[in-house]
Amino acid sequence: MFKQLKDKGVISRPSDAQGNASINIIGAGTVIEGEVRSNGDLRIDGNVRGSVTSKTKVVIGNTGVVEGDIVCQNADISGSVKGKTTVNEMLFLKSPARING
C-alpha cells in the first residue's frame, strides 16, 4: 500500500541537494537568536528568539521555547510559544503546551 502511495508522490520527505532527508534538532540548553529556516523537520528543545520557518514539521519539546513567529506545514507543540503560529495542515497541542500569540 505505501509503495503505491510513494510511487504517486503522496509519501515523501524533503531532501537536500544530495537527496538526503533532513532532520534538525536544537537541543536543550541551546539558545539561538535570529531566523531559523529549514526544508526538513525541525525539533526544538532549546530556546529560539526569532522566527522559525519549516517546509514540513516543527516539534517543540517540553523544554522548548520559541519567542517569535512559526510558519510550517505541521506542528507538534509541548513547550512554549510567544508569537504568531501559522500551520498549513495539522497542529497538535499537548498537555504542557503554552501559546501566547
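Bear in mind that the values here come from a model prediction, so they are computed numbers and not experimental data. This chain uses plain numbering: 1 for the first residue, then up along the sequence.
- Rounding to the nearest 0.5 angstrom, the gap separating the CZ atom in Arg37 from the CG atom in Asn24 is 13.0 Å.
- Judged as a salt bridge (Lys or Arg N to Asp or Glu O under 4.0 Å), and not counting sequence neighbours, the contacts of Asp45 are Arg43.
- Using a 4.5 Å cut-off between side-chain heavy atoms of Ile, Leu, Val, Met, Phe, Trp and Tyr, Met90 falls into a hydrophobic cluster with Phe92.
- Among residues two or more places apart in sequence or in another chain, the salt bridge (Lys or Arg N to Asp or Glu O under 4.0 Å) test is passed with Lys94 by Asp76.
- Between Glu89 atom CD and Thr56 atom OG1 the span is 10.0 Å, to the nearest 0.5 Å.
- Considering only residues two or more places apart in sequence or on other chains, Ser51 meets the side-chain contact (heavy atoms from CB on, under 4.5 Å) condition with Glu35.
- When the salt bridge (Lys or Arg N to Asp or Glu O under 4.0 Å) test is applied to Arg98, no partner is found at least two apart in sequence or on another chain.
- Using modelled atom types, one side-chain atom of Ser54 and one backbone atom of Gly40 make a donor-acceptor pair closer than 3.5 Å.
- Across Gly50 and Val66, no two heavy atoms sit closer than the pair O-CG1, 4.1 Å.
- Nearest heavy-atom pair across Thr63 and Ala28 is OG1-CB, 4.0 Å.
- The two residues Glu33 and Arg49 make their nearest non-hydrogen contact at OE2-NH1, 3.0 Å.
- In this structure, Val58 is a member of the same hydrophobic cluster as Leu91, with clusters built from ILVMFWY side-chain heavy atoms closer than 4.5 Å.
- Residue Ile23 holds its CD1 atom at 10.0 Å from OG of Ser38, rounded to the nearest 0.5 Å.
- Looking at residues two or more places apart in sequence or on another chain, you find no side-chain hydrogen bond (donor to acceptor under 3.5 Å, both in side chains) involving Asn74.
- Between the CG atom of Asn88 and the CD atom of Gln73 there is a distance of 4.5 Å, given to the nearest 0.5 Å.
- Separating the CD1 atom in Ile26 from the CD1 atom in Ile32 is a distance of 3.5 Å, to the nearest 0.5 Å.
- In the hydrophobic clustering of ILVMFWY residues, with side-chain heavy atoms under 4.5 Å counting as a link, Leu42 and Val65 come out apart.
- With Ile70 as the partner, the side-chain contact (heavy atoms from CB on, under 4.5 Å) test is satisfied by one option alone out of Val36, Ile99, Ile60, Thr53: Ile60.
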